[in-house]
Trainee: 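What follows is a single structure, and I will ask about it in a moment.
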Amino acid sequence: AQSVTQPDIHITVSEGASLELRCNYSYGATPYLFWYVQSPGQGLQLLLKYFSGDTLVQGIKGFEAEFKRSQSSFNLRKPSVHWSDAAEYFCAVGDGGSQGNLIFGKGTKLSVKP
Amino acid sequence: DAGVIQSPRHEVTEMGQEVTLRCKPISGHNSLFWYRQTMMRGLELLIYFNNNVPIDDSGMPEDRFSAKMPNASFSTLKIQPSEPRDSAVYFCASSRTSSVETQYFGPGTRLLVL
């Protein structure tokens with residue numbers, strides 16, 4: 001069965017510092033991978049997704065993620081964090097079949113200090 | 001487009017009462033998903049519909065929970081009778097097709113059962 005692991009529950013970075021949020025998945029075939037962001041009191045918003053092709057995908061708000069099949073990872077990165085990036089980030093995997101279902105990780109909460 | 005609309009945004013009720021959550025998906029989207037989010041369990045898929053038909057309800061916790069989608073523009077999630085452990089944020093999401101596609105989330109309904 002598919003699964004998603006986000007090893008870090010909470011990360012704190014300084015404003016302007018670089019960021020990497022980890023995501024590992026378990027899936028037999030080529031996965032469909034997503035990163036969503038949830039600001040406090042809000043729903044989830046898509047940051048970026050990977051279906052096929054170039055393994056480095058660009059998203060909104062300056063985020064990018066790299067799909068590494070050998071490591072079963074899809075880590076999210078940003079070169080310089082802004083205070084407004086403080087939120088919770090969710091990695092998700094879909095099976096690409098007819099089900100349309102997504103399996104979400106537990107999330108990583110990002111705090112940004114001045 | 002107005003995005004996914006959920007109502008009410010907040011609901012406080014007493015144990016034993018019936019609770020009905022409502023969702024209007026994005027126009028033209030064929031799939032609709034109901035999620036529950038809690039601190040302990042994270043984001044859980046409860047049920048999803050494709051073309052108004054329930055496809056997978058294995059995530060519905062128990063018989064107290066039921067969901068309907070009478071037409072392409074409206075869905076309800078009902079809890080009867082409600083219990084304190086049902087307190088959570090309930091999200092509705094929609095996507096274009098039944099295969100894996102970006103899911104667009106509503107703002108959620110924060111439910112508190114006393």
Side-chain angles (χ1 to χ4, degrees), chain A residues 1-10 23 25 27-53 57-60 63 65 67 74 87-109, chain B residues 2-7 9-10 21 23-26 29-60 69 88-111:
Chain A
Q2 304 124 280
S3 66
V4 176
T5 302
Q6 294 181 248
D8 304 305
I9 297 173
H10 190 185
C23 172
Y25 66 90
Y27 183 64
T30 300
Y32 290 63
L33 296 161
F34 302 79
W35 275 100
Y36 282 83
V37 60
Q38 184 181 28
S39 298
Q42 303 295 316
L44 279 71
Q45 179 186 18
L46 180 73
L47 281 176
L48 48 78
K49 61 186 178 185
Y50 171 79
F51 281 11
S52 65
V57 293
Q58 303 296 320
I60 62 171
F63 285 91
F67 169 59
F74 189 57
E88 189 152 20
Y89 292 80
F90 293 89
C91 182
V93 62
D95 63 9
S98 61
Q99 301 304 311
N101 190 14
L102 294 182
I103 306 297
F104 284 86
K106 297 290 188 188
T108 297
K109 184 175 181 180
Chain B
V4 176
I5 299 173
Q6 291 187 246
S7 64
R9 292 293 309 274
H10 302 273
L21 311 181
C23 175
K24 176 178 169 54
I26 293 172
H29 282 192
N30 298 327
S31 294
L32 182 140
F33 306 80
W34 281 102
Y35 291 90
R36 178 173 68 176
Q37 186 179 40
T38 61
M39 289 289 291
M40 292 296 295
R41 301 173 68 90
L43 198 61
E44 303 173 279
L45 177 68
L46 299 178
I47 184 171
Y48 72 94
F49 296 83
N50 180 242
N51 292 324
N52 313 336
V53 176
I55 302 300
D56 184 354
D57 66 354
S58 60
M60 296 285 261
M69 192 165 185
V89 181
Y90 291 81
F91 288 103
C92 177
S94 69
S95 67
R96 290 182 191 280
T97 68
S98 60
S99 60
V100 178
E101 268 286 351
T102 300
Q103 292 183 18
Y104 295 85
F105 282 74
T109 295
R110 187 172 297 273
L111 173 65

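Just so it is clear: chains get the letters A, B, ... in the order the sequence lines come, proteins before strands, and each one is counted from 1.
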Trainee: Would a 4.5 Å heavy-atom cut-off, applied to side chains only, mark B:Tyr35 and A:Leu102 as touching?
Mentor: yes
Trainee: Under a 4.5 Å heavy-atom cut-off, does chain B meet the side chain of A:Gln45, its backbone, both or neither?
Mentor: neither
Trainee: Does a side-chain heavy-atom distance below 4.5 Å link A:Tyr36 with B:Thr102?
Mentor: yes
Trainee: Is there a side-chain contact between B:Gln37 and A:Phe104 in this structure, where contact means two heavy atoms from C-beta onward sitting under 4.5 Å apart?
Mentor: no
Trainee: Quick one: what part of A:Leu46 sits under 4.5 Å from any heavy atom of chain B, side chain, backbone, both or neither?
Mentor: side chain
Trainee: Go through the atoms of B:Glu44 and report whether side chain, backbone, both or neither lie under 4.5 Å from a heavy atom of chain A.
Mentor: neither
Trainee: Is the CD1 atom of A:Ile60 crowded by more than 12 outside heavy atoms at less than 6.0 Å?
Mentor: yes
